[in-house]
Amino acid sequence: MMILFHSPGSCSLGIRIILEEIGRPYETRVIDLKTGAHRQPDYLAQNPKGKVPALIRPDGSLLTEFPAIALWLARSAPEAALLPEGLEPEVRALEFIDYIVASLHMRGATLAMLPQKFTDNPAAQEDIRAHGRAVLQAGYEALADRVQGGGYMLGAYSIADAAAFYLLGWHERAGLTLPPALADYVARMAARPAVQRALA
């Protein structure tokens, strides 16, 4: 049995979606980031990085970082077809996921939603928030181009969509509106049974 350390409303939702898509048994352990549960000794003893997502695999080993967990899950369940076949398509999938996590999440959403993490100066917080929103807005436009006409981020449904879905779920918290193509995409994703189970 796998164990997912998950905080509702965080990026670990994407890993939960992938777990539901592959259909392997797993247990969820909620780590409430808002109350600082990720910094408590009992969690740090299991995951010294003190963050989510983190996955304990069937062999008892811990795997962290969204791209690594997503890749391992997809590779461990090839029947789910969540990773394109071939070196170039796989590299492009990882390139896209890194763009979501490292750029749009960390340099966009984090700054837009949590500027107080970086300064207690209200004026500076507004500048940080504005920068984060600009990064996200540019990212939304790039993502919208990918799903025009009702497709998925890489053409076929993949682990890249689990990453995109968690990020796009934060648009209201960031103070932004999704372009119509992305709003349609989010609705399509939300209709998938695995996504519904992950959200539940």
Side-chain angles (χ1 to χ4, degrees), residues 4 6 8-24 52-53 55 63-113 132-174 176-199:
L4 173 66
H6 166 62
S10 78
C11 60
S12 57
L13 170 63
I15 298 301
R16 195 170 154 103
I17 290 170
I18 297 169
L19 282 162
E20 289 293 338
E21 291 283 2
I22 68 174
R24 302 273 174 86
V52 297
L55 184 73
L63 189 62
T64 64
E65 308 302 336
F66 190 105
I69 298 170
L71 174 62
W72 182 81
L73 287 171
R75 280 279 189 90
S76 69
E79 68 281 2
L82 294 178
L83 190 65
E85 291 187 16
L87 178 59
E88 182 64 15
E90 184 175 309
V91 167
R92 293 302 182 185
L94 291 178
E95 177 185 46
F96 179 84
I97 291 172
D98 192 60
Y99 175 59
I100 293 288
V101 175
S103 295
L104 299 186
H105 174 167
M106 300 306 297
R107 291 183 47 246
T110 300
L111 300 184
M113 299 188 303
R133 285 176 176 160
V135 169
L136 277 178
Q137 192 62 56
Y140 287 174
E141 292 167 12
L143 298 185
D145 287 343
R146 288 175 170 265
V147 295
Q148 293 288 348
Y152 290 105
M153 288 296 164
L154 299 179
Y157 183 77
S158 72
I159 55 176
D161 295 290
F165 185 77
Y166 91 69
L167 177 87
L168 296 174
W170 297 343
H171 72 278
E172 290 181 349
R173 286 166 57 193
L176 294 172
T177 301
L178 293 178
L182 284 186
D184 291 346
Y185 167 80
V186 168
R188 284 197 308 282
M189 285 289 294
R192 292 183 69 88
V195 174
Q196 292 175 3
R197 290 193 301 271
L199 289 169

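As the structure is a prediction and not an experimental result, all values here were calculated from the model.
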| task | Go through the steps for V147 and M153 under the test side chain to side chain contact (heavy atoms under 4.5 Å, CB included), then give the verdict. | result | CA-CA 6 Å; V147 295; M153 288 296 164; 3.8 Å; yes
| request: Start with the C-alpha gap between L176 and Q137, add the side-chain angles, then the distance that decides, and say whether side chain to side chain contact (heavy atoms under 4.5 Å, CB included) holds. | output: CA-CA 8 Å; L176 294 172; Q137 192 62 56; 3.6 Å; yes
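The salt bridge (charged side-chain N to carboxylate O under 4.0 Å, His left out) check on R173 picks up nothing, with sequence neighbours excluded. E172 pairs by the salt bridge (charged side-chain N to carboxylate O under 4.0 Å, His left out) definition with nothing, not counting sequence neighbours.
Inter-residue side-chain proximity for L104 and L143 is flagged as met; some heavy-atom pair is nearer than 4.5 Å. Taking 4.5 Å as the limit, every side-chain heavy atom of L73 sits out of range of all side-chain heavy atoms of I159. When side chains are defined from C-beta on, L111 does not count as touching L136, because their heavy atoms never get closer than 4.5 Å. Within the 4.5 Å cutoff, side-chain heavy atoms of Y166 are placed close to those of V101. When side chains are defined from C-beta on, Y140 does not count as touching T177, because their heavy atoms never get closer than 4.5 Å. Taking the side chain as every heavy atom from C-beta outward, P84 and R92 never approach each other to under 4.5 Å. Using a 4.5 Å heavy-atom threshold, the side chains of E90 and R75 count as touching. Side-chain contact between E20 and V195 is absent, with no heavy atoms from C-beta onward closer than 4.5 Å.
Separation of atoms OG (S12) and CG (L55) is listed at 11.0 Å; rounding is to 0.5 Å. Note that CD1 of I15 is 10.5 Å distant from CD of E65, once rounded to the nearest 0.5 Å. To the nearest 0.5 angstrom, I18 atom CD1 is 10.0 Å from L13 atom CG. In this structure, CD on E95 lies 11.5 Å from CD1 on I100, to the nearest 0.5 angstrom. The distance from atom CG of L19 to atom CD1 of I69, rounded to the nearest 0.5 Å, is 9.0 Å. We find the CE-NE2 distance between M113 and H105 to be 6.5 Å, quoted to the nearest 0.5 Å.
Under a cut-off of 6.0 angstrom, the local environment of CZ in R197 is crowded, with over 12 non-hydrogen atoms contributed by other residues, nucleotides or ligands. Counting non-hydrogen atoms of other residues, nucleotides and ligands closer than 6.0 Å to CD of E79 gives a total above 12.
A pairwise comparison of heavy atoms in L178 and V186 identifies CD1-CG2, 3.9 Å as the closest pair. Shown here for R146 and L154, the closest heavy-atom pair between the two residues is NH1-CD2, 3.6 Å. What you find for F165 and A190 is that their closest heavy atoms are CE1-N, 4.0 Å. In this structure, A194 and I17 approach most closely via the heavy-atom pair CB-O, 4.3 Å. Here the shortest heavy-atom pairing between A198 and R16 reads O-NE, 2.7 Å. Taking all atoms of both residues into account, the shortest heavy-atom contact from F66 to A162 is CZ-C, 4.4 Å.
Between the side chain of W170 and the backbone N or O of G9, at least one donor-acceptor pair lies under 3.5 Å. Counting only distance, with no hydrogens or angles, the side chain of D161 and the backbone of S158 share a donor-acceptor pair below 3.5 Å. With hydrogens and angles disregarded, no donor-acceptor distance shorter than 3.5 Å links the side chain of D184 to the backbone of G150.
In this structure, R192 satisfies the cation-pi test against Y157, with its NZ or CZ atom closer than 6.0 Å to the six-membered ring centre and inside 45 degrees of the ring normal.
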